[in-house]
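Note sheet for the following structure.
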Amino acid sequence: MRAITQTLTDTVSAAFEKCGYDPSLGTVTVSDRMDLCQFQCNGAFAAAKLYHKAPFIVAGEVAAVLADEPMFAKAEVVKPGFLNLTLRDESLTALMRDIADDENLGVPQAEKPETIIIDYGGPNVAKPLHIGHLRSAIIGESIKRLARATGRKVYGDIHLGDWGLQIGLVITELSRRHPDWPCFEPDFPEGGEVPELNVDLLNEVYPAASKRSKEDPEYKAAAQTATFDLQNGRPGYMALWREIMRVSVADLKSNYGRLGVDFDLWYGESNADRYEPKLLDILTSKNLLVESEGAKVVEVAAEDDKAPMPPVIIKKSDNSSIYATTDLSTLIQRQEDFDPDRIWYVVDKRQSLHFTQVFRCARKAGLVRDDCELEFLGFGTMNGSDGHAYKTRDGGVMRLSDLLDAAERAAAEKLSASDFTEGADLSGTARKVGVAAIKFGDLINHRGKDYVFDMDKFLSFEGKTGTYLLYTVTRINSILRRAGSDENAPVAAGRIYTDAERELMLAILLSGEAFVKAFDEKAPNYICESAYDLAAAFSRFYHDNHILSETDGDKRSAWLGLCALTKRLLVKHLDVLGIEPVESM
Ligand code: ARG
């Protein structure tokens with residue numbers, strides 16, 4: 001299905017044309033005064049300038065043509081030249097039916113096929129997953145689902161930080177603790193065995209090593225050498241690295257699993273390694289690589305830069321590769337494997353400069369198709385109530401698993417204090433409610449903004465919260481159940497009985513617009529707003545209309561059909577947000 005404003009724009013454009021005006025003047029938008037009309041067109045003002053006529057006259061001519069359109073109840077001119085449009089109830093209910101019958105529930109689909117790679121998550125192997133990686137996971141997952149829901153082919157790539165200094169640090173620390181392990185011997189055989197590691201050990205080893213390297217220059221140098229040797233394939237280190245990867249990836253999978261986040265590709269910086277020679281070839285053959293203080297760099301400054309733009313370092317003076325090198329090499333891999341139309345990076349906005357450099361270098365070197373969109377989708381910080389980056393009580397970095405545990409506990413408390421349905425699955429529900437609260441509390445903010453993490457607020461049954469949305473779904477479930485119906489209750493086309501019913505239909509109709517806008521702006525907060533509008537419209541509808549006690553059979557079944565459609569659409573919104581509904585609560 002097309003977005004309703006698209007359909008209306010076609011009709012109104014044709015009317016402009018019929019009156020002898022440019023059809024592009026007929027753009028229709030959602031009304032900002034719903035009390036006056038549902039849609040509006042302000043094209044008469046631009047027409048007035050172009051054709052030297054009063055806007056009121058132009059709008060009047062167009063309205064006269066639209067008067068013959070059966071879809072409108074009203075197409076009227078309001079001074080000084082607004083065109084106010086309202087659909088006939090029959091048009092609105094027919095659209096409800098179309099949406100209910102549409103496999104995408106009225107969400108407009110991309111016109112041309114597109115392949116998108118979304119680089120998100122980006123955790124660092126061997127370091128515990130902490131809440132700094134939470135936003136990337138939540139936002140990236142949602143943008144991935146949004147792109148899919150609007151008909152794109154999408155690959156989510158976790159892009160593990162699995163090839164850097166943190167591994168060198170872990171190797172160094174383990175070699176100091178266990179100098180006797182054969183993997184530390186220079187002649188360790190290819191394919192040799194290493195002792196089994198576990199996640200608790202890694203969680204303890206990395207911080208210890210990181211702390212020590214800050215205090216002890218010799219230790220730090222050893223860790224850098226270990227990193228370099230690893231990257232050059234030293235067999236004992238490679239074997240240890242594989243064991244670290246095995247343990248870390250299993251732990252990451254379980255944490256992301258709890259959060260309902262999953263990736264199509266578990267590639268990492270290490271996978272980029274084999275594309276590096278090609279990168280160097282391309283950069284050399286295009287004369288882009290220059291020496292600077294012993295390092296090999298690419299200049300990416302542009303004349304009109306307002307701020308200094310440092311060159312991208314490709315090889316440091318010790319010949320090691322860095323962050324930009326792997327990101328550039330990864331672009332070669334992505335182009336070869338997927339020939340994508342867009343590549344999006346969901347990363348902390350403080351990395352903006354890095355991505356500007358990488359994208360400029362990639363363009364200069366032609367690493368991806370010229371028309372492949374490279375975009376950095378930076379996000380802000382999750383703060384505590386003190387306005388600073390969220391920390392544990394003792395000021396440390398909170399582990400993601402601890403945060404999820406705390407959310408679950410808080411949700412369970414909240415549910416037990418409310419009239420939670422007896423006999424229902426409290427712990428399973430609390431798990432979903434906790435995750436929903438965290439995700440919605442994050443996604444309701446535009447991704448670029450910082451926000452304050454406030455579990456109490458996120459768990460509120462009222463207002464713009466995940467909890468309220470889940471609750472609304474359970475309310476609809478209960479109505480349908482009590483009426484002996486289900487989410488497939490048919491939607492009736494024809495009459496509308498009450499204003500609240502009409503407003504709910506309008507909220508349903510406008511959902512499709514929200515999906516388009518959210519995709520265009522890569523901003524899931526519009527899905528949150530649309531979900532809330534839908535739930536709030538439903539609450540008013542439910543309050544005003546006594547569905548279960550209604551004795552008029554036609555009315556009752558029309559309302560049940562509307563309940564069912566609302567539920568399906570709300571669940572679709574939630575799905576895009578990565579939130580699982582609960583049966584009852
Ligand atoms: N591992 C990085 C970090 O923790 C994030 C990776 C983001 N993705 C990328 N392609 N650079 O900062």
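Read the numbers this way: they start at 1 and go in the same order the structure lists the ligands and their atoms.
- Ionic pairing of Lys432 and Glu580 is present here: one or more N-O contacts between side-chain nitrogen and carboxylate oxygen are shorter than 4.0 angstrom.
- Here atom 11 (N) of ligand 1 lies nearest to Tyr323 when heavy atoms of Phe376, Tyr345, Tyr323 are compared.
- Ionic pairing of Asp119 and Arg334 is present here: one or more N-O contacts between side-chain nitrogen and carboxylate oxygen are shorter than 4.0 angstrom.
- Residue His159 has at least one heavy-atom neighbour below 4.0 Å for each of these atoms of ligand 1: 8 (N), 9 (C), 10 (N).
- Taken from NZ in Lys220 to OG in Ser210, the straight-line distance is 10.5 Å, to the nearest 0.5 Å.
- Among protein heavy atoms, atom 12 (O) of ligand 1 sits closest to Gln351 NE2, 2.9 Å.
- Using a 4.0 Å cut-off to heavy atoms of Gly122, the atoms of ligand 1 that qualify are 1 (N), 2 (C), 3 (C), 4 (O), 5 (C).
- Every N/O-N/O distance between Gly161 and ligand 1 stays at or above 3.5 Å.
- Distances below 4.0 Å separate heavy atoms of Asp327 from the following atoms of ligand 1: 9 (C), 10 (N), 11 (N).
- Interface of Val347 with ligand 1, defined as ligand atoms under 4.0 Å from a residue heavy atom, comprises 7 (C), 8 (N).
- Ring planes of Phe359 and Phe355: tilted class, angle from 30 to 60°.
- In terms of polar-atom proximity, defined here as any N/O pair under 3.5 Å, Glu269 makes no such contact with ligand 1.
- Taking atom 4 (O) of ligand 1 as the reference point, the nearest protein heavy-atom neighbour is Asn124 ND2, 3.0 Å.
- Considering CH2 of Trp181 and OG of Ser175, their distance stands at 10.0 Å, rounded to 0.5 Å.
- Of the charged side-chain nitrogens involved, at least one lies within less than 4.0 Å of a carboxylate oxygen, so that Lys522 and Glu375 count as a salt-bridged pair.
- Paired with Leu288 under the rule side-chain contact (heavy atoms from CB on, under 4.5 Å), one option of Val297, Ile282, Val298 passes, and it is Val298.
- A salt bridge links Asp264 to Arg148: one of the charged nitrogens lies within less than 4.0 Å of a carboxylate oxygen.
- Near His133, with a cut-off below 4.0 Å to any heavy atom, the atoms of ligand 1 are 4 (O).
- Looking only at heavy atoms of the protein, atom 8 (N) of ligand 1 is closest to Asp119 OD1, 3.1 Å.
- Within the structure, ligand 1 has Phe355 among the residues with a heavy atom less than 4.0 angstrom away.
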